[in-house]
Colleague: 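Mind looking over this structure? Questions follow.
Just so you know, these numbers come straight off a predicted model, no measurement behind them.
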Amino acid sequence: MHPLLHSLNQAQAQAVSSKPENTLVLAGAGSGKTRVLVHKIAWLVQELHYSPFSILAVTFTNKAAAEIKSRVENILQLPVNGMWLGTFHSLAHRLLRTHAVDAGLSKDFQIIDSEDQKKLVKKAIKALNLDEETYTPKESQWFINSKKDKGQRPKQISADNDEHIQTLLNIYEKYENLCEESNLIDFAELLLRVLELFSENEEIRTHYQGRFKYILVDEFQDTNTVQYKWLKLLVNQNNKMMIVGDDDQSIYGWRGAKVENINKFTKDFKDVCVIRLEQNYRSTSVILKAANKLIANNDERMGKNLWSEKESGEPIRIYAAFNEIDEAKFVKAQILTWVEQGGSRNEIAILYRSNAQSRVIEEQLIQAGIPYRVYGGMRFFERAEVKDALAYMQLIANQHNDAAFERVINHPNRGIGQRSLAVLRQYSQDNFCSMWDSAKNCVSDNLLTPKATGSVGSFLHMISMLKEASTTKDLSEIVDLVIKQSGLKLHLQTSNDEKSRQKLENLQELVSAAKNFVMDENQIDLSPLSHFLSHASLEAGDMQGESYQDCVQLMTMHSAKGLEFPLVFMIGVEEGLFPSQMSLDDPHRLQEERRLCYVGMTRAMQKLYMSYAEVRRLYGKEQYHRPSRFISEIGKDDVQEVRTKIQMKSPFTGVSVPKKTISKTHMSGFKLGQQVMHPKFGEGTILDIDGNDANARIRINFSNTGVKNLILSFAKLTPC
DNA sequence: ACAAATACTGTTTTT
DNA sequence: CAGTATTTGT
């Protein structure tokens, strides 16, 4: 057998070694899809002698791209720099830099993130003199992006006599103008421009069709309309494509991803070979069985049944908490037990639907002295102080970037307030020029107060000086100069609180980032400064590299996709939270929530806990939730309830009931959650023990007969 | 021009 | 409740 196929199962080997043809690999959770992708690339190069230059591999995250790159290089034992491997966005970026003029862009365009985008949209709304109450930046931004994700320009959309839509279209159009004037491109635009480039420019299209002999796409269920069209334009009779994805793990529909693209692929392309990877190497079969049962409640699935050779494993434990604090305490207790038994903390993940849920858990973990790490939140290049510094750099690279100009003109304070700014804005609007030019003219024509004239003048001078310096100095020196000359550093040094210290540290970190920055050898014609700025927007930087500490991982179920942990807690599994309130009335969104639950469950390798709280403090109000429908959909077979509602009287009476800790053994010798044998009812799980003597009532969930309440002294129970 | 006070608003976020 | 955004007051 070929060494590349050695470690693969039959389906995986088929995907890797089949002769090049359009292929759909339906890869279930934990079925080794990355492995297939990596081996396929290696196979193409090693066995079929494809040049790396003729392979295009697309992923959604930089992390995934980096992983594929390093694993391929590891197998081939040679660098694969010639290969086009990256995210949709980074590839689009590269294409647009190479073909800027053909794409109708000026060479030094800059990329903006969604925060900058929102500001620009806001500006567009203001410029159109619209009421910001009826046309919120948020809604408008969402409108614009969803249209761009579908590949639509304002002119191609009909408002259907709907005044509201028509206005949103006007905002879209105005926003486009603002972007163009400042030479800015947002994330969606990056992709849309490439689509338009490919569809309108036959020469370029045929060039890339010829160049890419084989195209691989990861996480295909997450592609949006534009990305799909983009790929479709690249494929002709002479090249082939392999897409890898899992319709059951499509959880980004709200961001424009179209699961249907998987199905569409099999119809749009001729003779698509479909390969299913159904053997799971991650979870126990109990977990898989439950996950399969859950996802079976969705319709329009491609169909897939995960199985495992692993032992059945422990049942999924369901904990009915009395409130969110009780839930957190339960999780804490289980973690302590796990660690006591020799488990390590980074084997543990606590997954939740929304970020706000981490707080209560954090409080308990802190109290117990358990180290933890919360994923998500601000990323490095998104932090305000870092973006301030970057805005200076953007302005140095392009003085006509109004967004950058407005961000830094009075930050740190230079005494240029709303009054002066209004003059500058008005002038730029009247004369159709950038804020930079407006400032220049307002200074020379004395249109500002003497004080403001001085401040603006020296600001302009400073930027010009920095621009001058940027041509001779290297990148990290420029960054260093920027944070000093701008006054950002001084500003943070004077305010002497903990926050400022942290911010200062981040700026220093930015200097190091610049120092360590290596230019992508594929784009030599870009200045280091512009290159670095693009990198900063395209790769916001998780900063997850550092902490190697052994700590519990806290994250949303969305960010858990692709990861795996021996012990997983899914918390807040309640109607209205998970599935989320906003998804309850829409069957499609509800199914996406279910897929999210599926993703969450399939993260677990050995043990899975799911919990819900009867009452939860949310937005300052107490909310009563029912257990999530997802819990009942899993069924009873693979599940063990740790405590039932009998304990839940207290929230209604307002009197707190002494809580039973399940780790504590009851004086009867039995403890909650324990497996017992009854002469008549057979095997069961102890759900609750009420009372402390022989008259204690015991509640047991029997696998054959269901839940029964018994008197401890009469029930002849034996542990098993 | 800035700090303080008040109003508002709450999923998920690969780029 | 808690964070942000905007408005108000000096």
Colleague: Which is more 5' along DNA chain B, the nucleotide nearest A/S583 or the one nearest A/T87? Just name the residue.
Modeller: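 Between the two, 5'-proximity favours A/S583.
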Colleague: When all nucleic acid strands are considered with a 4.0 Å heavy-atom cut-off, which category describes A/E592: base, sugar-phosphate, or nothing?
Modeller: nothing
Colleague: Base, sugar-phosphate, or nothing: which does A/G415 touch, judged by heavy atoms less than 4.0 Å apart?
Modeller: sugar-phosphate
Colleague: Please check the phosphate of B/dT15 (OP1 and OP2 only) for any side-chain N or O of A/S90 closer than 4.0 Å.
Modeller: no
Colleague: Specify the separation, in whole Å, of atom CZ of A/F187 and atom C1' of B/dT14.
Modeller: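 Interatomic distance, CZ of A/F187 to C1' of B/dT14: 10 Å.
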Colleague: Does B/dT9 have OP1 or OP2 under 4.0 Å away from a side-chain N or O of A/K621?
Modeller: no
Colleague: Does the side chain of A/S146 come under 3.5 Å of the side chain of A/D149 through a donor N or O and an acceptor N or O?
Modeller: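 The answer is no; no qualifying pair exists.
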Colleague: Counting only side-chain N and O atoms of A/N145, is one of them less than 4.0 Å from OP1 or OP2 of B/dT15?
Modeller: no
Colleague: Of the nucleotides B/dT12, B/dA1, B/dT15, which one has an atom closest to the side chain of A/N355?
Modeller: B/dT12
Colleague: Any side-chain donor-acceptor pair under 3.5 Å between A/N506 and A/E385?
Modeller: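 Looking only at side-chain atoms, A/E385 and A/N506 do form a donor-acceptor pair, the distance falling under 3.5 Å.
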Colleague: Do we see a donor-acceptor contact under 3.5 Å between the side chains of A/Q117 and A/Y175?
Modeller: yes
Colleague: Starting at CD1 of A/I409 and ending at P of B/dA1, how long is that distance when rounded to a whole Å?
Modeller: 12 Å
Colleague: Can you sort out the partners of A/E132 under salt bridge (charged side-chain N to carboxylate O under 4.0 Å, His left out), two or more places apart, ordered by chain and number?
Modeller: A/K126
Colleague: Across the strands shown, which category fits A/L190 at heavy-atom distances under 4.0 angstrom: base, sugar-phosphate, nothing?
Modeller: nothing
Colleague: For residues A/N401 and A/Q110, is any side-chain donor paired with an opposing acceptor at under 3.5 Å?
Modeller: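 A/Q110 and A/N401 do have a side-chain donor-acceptor pair below 3.5 Å.
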Colleague: How far, in whole Å, is B/dT14 from C/dG3 if one measures between their C1' atoms?
Modeller: 25 Å
Colleague: Applying the 5.5 Å / 30° rule, does A/W254 stack onto the base of B/dT12?
Modeller: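 So A/W254 counts as stacking on the base.
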Colleague: Within the 4.0 Å heavy-atom criterion, would you say A/Y252 contacts the bases, only the backbone, or no part of the nucleic acid?
Modeller: base
Colleague: Using a heavy-atom cut-off of 4.0 Å to chain A, what are the terminal contacting nucleotides of DNA chain C, in 5' to 3' order?
Modeller: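 Contacts span C/dC1 to C/dT6, reading 5' to 3'.
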Colleague: Contact class for A/R359 (heavy atom, under 4.0 Å): base, sugar-phosphate, or nothing?
Modeller: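 Answer is sugar-phosphate: A/R359 comes under 4.0 Å of backbone atoms only.
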Colleague: Give a yes or no on whether a donor-acceptor pair under 3.5 Å exists between the nucleobase atoms of B/dT15, that is its base, and the side chain of A/R255.
Modeller: yes
Colleague: Mind checking what makes salt bridge (charged side-chain N to carboxylate O under 4.0 Å, His left out) contact with A/K33, not counting sequence neighbours?
Modeller: A/D218, A/E219
Colleague: Looking only at side-chain N and O atoms, does A/S559 come under 4.0 Å of OP1 or OP2 in B/dT13?
Modeller: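 Yes, such a contact exists.
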Colleague: Regarding A/Y372 and A/E362, is there a side-chain donor-to-acceptor distance under 3.5 Å anywhere?
Modeller: yes
Colleague: Quick check for you: among B/dT14, B/dT12, B/dC2, whose closest atom lies nearest to any side-chain atom of A/T61?
Modeller: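 The answer is B/dT14, which lies nearest to the side chain.
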Colleague: NA contact type, A/S580, heavy-atom cut-off 4.0 Å: base, sugar-phosphate, or nothing?
Modeller: base
